[in-house]
Amino acid sequence: MNRIAQAVCDRVNSVIKGKEDVVERVFAAIIAGGHILTGTVI
């Protein structure tokens, strides 16, 4: 991941705790112009 992308992920991860892998995948989907389905388990 380049420097700017890592900085964005780090900033988002400072707000959303414990979901680093999800943040990275969503960010990759946004950059790639794709879609992502998310689900939460309650």
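The basis for the numbers below is simple: all heavy atoms, side chains too, and nothing from hydrogens, waters or symmetry mates.
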Phe27 vs Val8 side-chain heavy atoms within contact, under 4.5 Å: yes
Transitive ILVMFWY side-chain link Ile30 to Ile36, under 4.5 Å: yes
Any residue meeting side-chain contact (heavy atoms from CB on, under 4.5 Å) with Asn13, in chain and number order, not counting sequence neighbours: Cys9, Glu20, Val23
